[in-house]
Asks: 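Below is a structure I'd like to ask you about.
These values consider heavy atoms only, across backbone and side chains, with no hydrogens, waters or symmetry-generated copies. Residue numbers start from 1 in every chain, and the chains themselves are labelled A, B, ... in the order their sequence lines are given, proteins ahead of strands. Being a predicted model, the structure only gives us computed values, none of them experimental.
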2 protein chains.
Amino acid sequence: MIENSQLLYQCNDCSFRKLSTLIVAKEEFDTMCRNTVQLQFSKGETIIKQGGRATNLLFLHRGVVKFSYRYDTGSNYIMTIISGPKLVGGANLFFRDINIFSLTAMEECEVCMVDIEDFKRLALSNPAYVLAMIEQAMEMFQHSIFNFISLAHNHVNGRIATVLLYLWDQVYKDSAYNFTVSRKELAEFAACSHENVINTLSRFRREGLIGFEGKKILILNHEALTEISKKG
Amino acid sequence: MIENSQLLYQCNDCSFRKLSTLIVAKEEFDTMCRNTVQLQFSKGETIIKQGGRATNLLFLHRGVVKFSYRYDTGSNYIMTIISGPKLVGGANLFFRDINIFSLTAMEECEVCMVDIEDFKRLALSNPAYVLAMIEQAMEMFQHSIFNFISLAHNHVNGRIATVLLYLWDQVYKDSAYNFTVSRKELAEFAACSHENVINTLSRFRREGLIGFEGKKILILNHEALTEISKKG
DNA sequence: CCTTAAAGATGAAAAATTTCATATTTCAGG
DNA sequence: CCTGAAATATGAAATTTTTCATCTTTAAGG
């Protein structure tokens, strides 16, 4: 457990700790966390910077973050968006020294940064723990892959439908946050121009597939969108 | 070691065994392989079928294979192409029961199929071995990711350049095989129509960037192609 | 409350891409 | 050697997508 009087919340409530201590002893887990820091990030803040050193394993307690890749030309591509509580940093943190992507808070986020060496120390004495953590990280990866497949196969229509459904079903459903991703971010996620996103969203709204409530996006016809996501 | 008088080749020469026994004892490795089978696949044969059960860890000794995803509509997308010797099946085999992709031989292939339960048994007693294997599998994954990023960001020009360079640098260079991927397969890899591949390859040839030698594709101007891969 | 910047919206022109029609080449099998 | 299927090639029409110009709305700061 983290020894700090100014903790944002108590480690007893931590879902990462609960999950981990199903496999490793509480004492072992708390030893791993002796260099761990709890951090808070506001909307738009960079948590991990592309090109920087990967020295921590990251657990997202609360909030929504995006993984993005930036080109020399300045354009961005969003690989995936996820909400906590979830282990992040399997793909780009586990076994690479340098971060491939940036990680940016899309909502107020609470994060624990575990020292990667402390994690490896525990991992080497607990093979089952490694397997469980990798499985966690893979889950996130698999979602990105299906998004990529949609990208490779579908036209913008289908790509935007896929992205909307993913965000609705996997990220914002049952979450305290509103589904309020900007058109520009949706464009970076669906890999098209932001004008195309704006047009497509307008059309989806005219057709009654989605609705707007202020900045919030609502899925009104899940089946029809699923159909578009698959076929078009 | 596999006890079989009709082995395609001897386990003493196996690079998977050499790599593994840097970390685990020879006896442990050979115990893991007691249910392992050596198999040979001809060009076009399916090694692993999308939707089928994932019961084996796969080591590609020799040959070239493609990972592909098939839609209900019948269209294919090639996720990546790799050449042996390499561990395959990290992403779709390690921690999923059902294969997400198909694996198809693009050349004569020699493969060892290790029972996943036998692997897990060894893994649970050797955490360092898990880490090493995951790292192997991640390497392959990272290549797919950069290909996906090119897909998301570039026009067909750049995507085809990226794919050609990847195949030339990572798959066919220093290999006994010829770079003879069909236009249709290149299209499935670069996510565009095969006509577009044909046109683009013709243009690249006219501009002296690539050359054909029978069915074989040659990269003539690596720098120029790299430029296109980055900027276009 | 005003000002300004950013986000959202719309339509037309330009560019990229796919589809389709058609032709040629290659290659395996009878 | 012939034949048919598959791969390669080419060009034009149709479609999709981006780019650009312009405008409105929203949100934040002074």
Asks: Between B:Val181 and B:Val163, is there a side-chain heavy-atom distance shorter than 4.5 Å?
Replies: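 Counting from C-beta outward, B:Val163 and B:Val181 never come under 4.5 Å.
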
Asks: For residues B:Arg205 and B:Leu220, determine if any side-chain heavy atom of one lies less than 4.5 Å from a side-chain heavy atom of the other.
Replies: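 No, every pair of side-chain atoms sits at 4.5 Å or beyond.
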
Asks: Would the distance check show the side chain of B:Thr162 and the main-chain N or O of B:Gly158 forming a donor-acceptor pair, the cut-off being under 3.5 Å?
Replies: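 Checking the backbone N and O of B:Gly158 against the side chain of B:Thr162, a donor-acceptor pair under 3.5 Å is found.
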
Asks: Please report the end-to-end axis angle for the helix from C:dC1-D:dG30 to C:dG30-D:dC1, five pairs per end, rounded to 10 degrees.
Replies: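 So the angle between the two local helix axes works out to 40°.
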
Asks: Just the atom pairs and distances: protein N or O near nucleotides 23-30 of chain D's N or O, under 3.5 Å.
Replies:
none

Asks: Mind checking whether A:His153 and B:Tyr71 have parallel, tilted or perpendicular rings, split at 30° and 60°?
Replies: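 A:His153 vs B:Tyr71 ring planes: parallel.
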
Asks: 5' to 3' on DNA chain C, which nucleotides open and close the contacts with chain A (atom under 4.0 Å from a heavy atom)?
Replies: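 Nucleotide range in contact with chain A: C:dA7 to C:dT10.
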
Asks: Do the side chain of B:Asn154 and the main chain of B:Arg159 share a donor and acceptor less than 3.5 angstrom apart?
Replies: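 A pair under 3.5 Å: no.
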
Asks: I'd like to check A:Ile160 versus A:Phe189 (side-chain heavy atoms, cut-off strictly below 4.5 Å). Are they in contact?
Replies: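 A side-chain contact is absent here, since even the closest heavy-atom pair is not under 4.5 Å.
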
Asks: State the CG-CG distance between A:Leu209 and A:Leu218, to the nearest 0.5 angstrom.
Replies: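 Atom-to-atom, A:Leu209:CG and A:Leu218:CG are 13.0 Å apart.
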
Asks: For the residue pair A:Leu186 and A:Leu167, establish whether any side-chain heavy-atom pair is separated by less than 4.5 Å.
Replies: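 Yes - at least one pair of side-chain heavy atoms lies under 4.5 Å apart.
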
Asks: With a 3.5 Å distance limit and no angle check, can you tell me whether B:Gln50 reaches the backbone of B:Arg70 through a side-chain donor-acceptor pair?
Replies: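 Present.
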
Asks: Check whether any side-chain heavy atom of B:Phe16 sits under 4.5 Å from a side-chain heavy atom of B:Met133, and report yes or no.
Replies: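 Yes, at least one pair of side-chain atoms sits under 4.5 Å.
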
Asks: Counting distance only, does the side-chain N/O of A:Tyr177 pair as donor-acceptor with the main-chain N or O of A:Gly63 below 3.5 Å?
Replies: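 It does hold such a pair.
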
Asks: A side-chain contact here means heavy atoms from C-beta on lying under 4.5 Å apart; do A:Ile145 and B:Tyr69 qualify?
Replies: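 A side-chain contact is absent here, since even the closest heavy-atom pair is not under 4.5 Å.
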
Asks: Return the residues of residues 152-166 of chain A meeting this criterion: a heavy atom under 4.0 Å from some atom of DNA chain D. Order them by number, or give none.
Replies: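 Contacting residues: A:His155, A:Val156.
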
Asks: For the pair A:Tyr77 (side chain) and A:Ala191 (backbone), establish whether a donor and an acceptor sit closer than 3.5 Å, ignoring hydrogens and angles.
Replies: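 Side chain of A:Tyr77 to backbone of A:Ala191, a donor-acceptor pair under 3.5 Å: no, none is there.
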
Asks: Applying side-chain contact (heavy atoms from CB on, under 4.5 Å), run through B:Ile81 and B:Glu185 and close with a yes or a no.
Replies: CA-CA 10 Å; B:Ile81 295 175; B:Glu185 279 174 321; 5.8 Å; no

Asks: Decide yes or no for A:Gln38 and A:Glu110: does some side-chain heavy atom of the first lie under 4.5 Å from some side-chain heavy atom of the second?
Replies: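 Result no, sub-4.5 Å side-chain heavy-atom pair not found.
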
Asks: Walk me through whether B:Leu60 and B:Val111 qualify under side-chain contact (heavy atoms from CB on, under 4.5 Å).
Replies: CA-CA 5 Å; B:Leu60 176 67; B:Val111 165; 3.8 Å; yes

Asks: Any residue in residues 68-79 of chain B with a heavy atom nearer than 4.0 angstrom to DNA chain D? Just list them by number, or reply none.
Replies: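 Under 4.0 Å from DNA chain D: no residue of residues 68-79 of chain B.
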
Asks: Please list, by residue number, the residues of residues 195-213 of chain A whose heavy atoms come closer than 4.0 Å to an atom of DNA chain D; answer none if no residue qualifies.
Replies: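 Within residues 195-213 of chain A, the residues near DNA chain D are A:Glu195, A:Asn196.
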
Asks: With the side chain counted from C-beta on, respond yes when A:Gln136 and A:Leu19 share a heavy-atom pair under 4.5 Å apart, and no when they do not.
Replies: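 The answer is yes; the side chains approach within 4.5 Å.
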
